[in-house]
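Small disclaimer: the values here were computed from a predicted structure and weren't measured. Just so you know, these numbers use all the heavy atoms, side chains as well, and skip hydrogens, waters and symmetry mates. Below, chains carry the letters A, B, ... as their sequence lines are ordered, and counting in each starts from 1.
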Amino acid sequence: MASVTGTSACMTSLSCSFKQTQVGRISSVNSVSLSINGKSFPSLRMRSAPRFRVSCAAKPETVDKVCQIVKKQLALPADTTVTGESKFAALGADSLDTVEIVMGLEEEFGISVEEESAQTISTVQDAADLIEKLIETKSA
Amino acid sequence: MFSFVSKRLSLMMMTKVCCFQRNFSSALPPLVPVKLPSKMETHFWYVLPDEVKSESLLSQYSELLSPREKKNLYHMQGDQFKKSALLARVLVRTTIARYQTNCQVNPRSLKFKKTIYGKPEVDWENGDKWCPPPLHFNISHTSSLVACGVTVNVPIGIDVEEKQRRLKNKILAFAKRYFSPDEVKLLTAISDPEIQRQEFIKLWTLKEAYVKAVGRGFSAAPFNTFTIRARVVKMGGFHHFDTQHSEASEIVVESSDDPENLTRNWQFALLDLAGSHYAAICIEKENSAGGEAGVPMRLTVWKTIPFVEDERVSGTGAVVPISGLIKQL
């Protein structure tokens, strides 16, 4: 969620394409006109620092890797459908499985996941998003 | 195999029934009522999914679930897992319904909610005439055993795990990452890999049971901030324990975060259940008993197939105490 002067906009509802095409612009100007959910807003002045990030869904490759690790940990049959929306609980993961999966993800991606964050993960997508966020924070 | 669930999902209407009919379902016999555990007692109920073979019984079980529970079940993958998930909901609903001795409660009408920390609890309907019992419960299940622990007045946490459970990761690597330094030391000292694996699983169930009893999620008690270990207590006094050794071992938890006072309030039991599982139980001691050392957990265990048969198994070969001060009733 990001709040801008004059109105508050829910940034997470913006599509990924916004990030790709607009970021360069935002970082160099103080005002920008936004189109959110089809409505266009007047120019908004950014009060905070010019650098501005929009959080976005994780890359498909990351989601795929997570699916692979989950399938392996839970020894799921090859034809089981595991996607970003799959919930760990629905796949048959108990708490020990979940912790093992997190450990597998830590090793695979070279990150460290705190218990507080691990607790918020309920789907494969959640895990992939968290991984990318941690990778980003690590390299920043 | 579970297509009846999806059919029911579209046909079922939730009817709120409170306290009237004894036979809410013409096909299912009434549940055998049970007295609430006393303040110092723990009740432990379990189901072995492999013993529940009847498709029609499973179909009747699914009728007890709320629409949301049915929906969750529908989305689960794997027949074995689905079955144990169904039995877990049935076990908790029927177990709690058994304790309503003054008026018959339909297990289907029970509502559940979660605390702000995510711990499940009963959402008692606000009736003027009815004072809900101070009943606490906790569930745990594997694909081969489903369990529910019940206490009065004090929080309870339980965890069950297959004795044969194998980790995908290396035990010590896992322990170093998640367990406390003292626990890592203890596991490292075990040279036999099979014994080490068993001790790991036992420790895991105890730690899980503790976190579930505390009820504030993993982040309130990260695994590596507390140590659970067995401590030998002298057998002086009038308590009789079920362990075969001349010295009983008490399980204690020590926290590196909290002051010692808080961790002295928790009582543990570790059991070998049905020959196939480790079961850990953690309950909070009542204030009066908090200071007194060596008071056993009074425990009654039933194996059940809800509506079909209940068998009290405490004191039999199905329940073998491993550690903790336990008095089976």
- Neighbour count above 12 (heavy atom, 6.0 Å) for B:E51 CD: yes

- Message: Restricting to non-hydrogen atoms, name the atom on A:V99 and the atom on B:W204 that form the minimum distance, rounded to 0.1 Å.
- Response: CG2-CH2, 3.8 Å

- Item | chain A contact via B:A173 - side chain, backbone, both or neither, heavy atoms under 4.5 Å | both

- Kindly indicate whether the side chain of B:R177, heavy atoms from C-beta on, has any atom under 4.5 Å from the side chain of A:S112. yes

- Query: What part of A:K72 gets closer than 4.5 Å to chain B, counting heavy atoms only: side chain, backbone, both or neither?
  - Reply: backbone

- Query: By a 4.5 Å heavy-atom criterion (distance strictly below it), what part of A:V102 contacts chain B: side chain, backbone, both, or neither?
  - Reply: both

- Message: Other residues, nucleotides and ligands only: do more than 12 of their heavy atoms fall within 6.0 Å of CZ on B:R166?
- Response: yes

- Heavy atoms of A:M103 and B:Y178 approach each other most closely as N-OH, 3.7 Å

- Check the surroundings of atom NZ in A:K87: do more than 12 heavy atoms from other residues, nucleotides or ligands lie under 6.0 Å from it? no

- Near B:K202 NZ, under 6.0 Å, is it more than 12 heavy atoms from other residues, nucleotides or ligands? yes

- Task: Indicate yes or no: at least one non-hydrogen side-chain atom of B:Q77 is less than 4.5 angstrom from one of A:L76.
- Result: no

- Report yes if the side chains of B:R165 and A:D94 come closer than 4.5 Å at any heavy-atom pair, otherwise no. yes

- Starting at NZ of B:K168, measure out to CD1 of A:I101 and round the result to the nearest 0.5 Å. 10.0 Å

- Message: Quick one, A:L74 and B:F81 - any side-chain contact, counting heavy atoms below 4.5 Å?
- Response: no

- Under 4.5 Å heavy-atom distance to chain A, tell me which part of B:F223 shows up: side chain, backbone, both or neither. both

- Proximity breakdown for A:A118 and chain B, heavy-atom pairs closer than 4.5 Å: neither

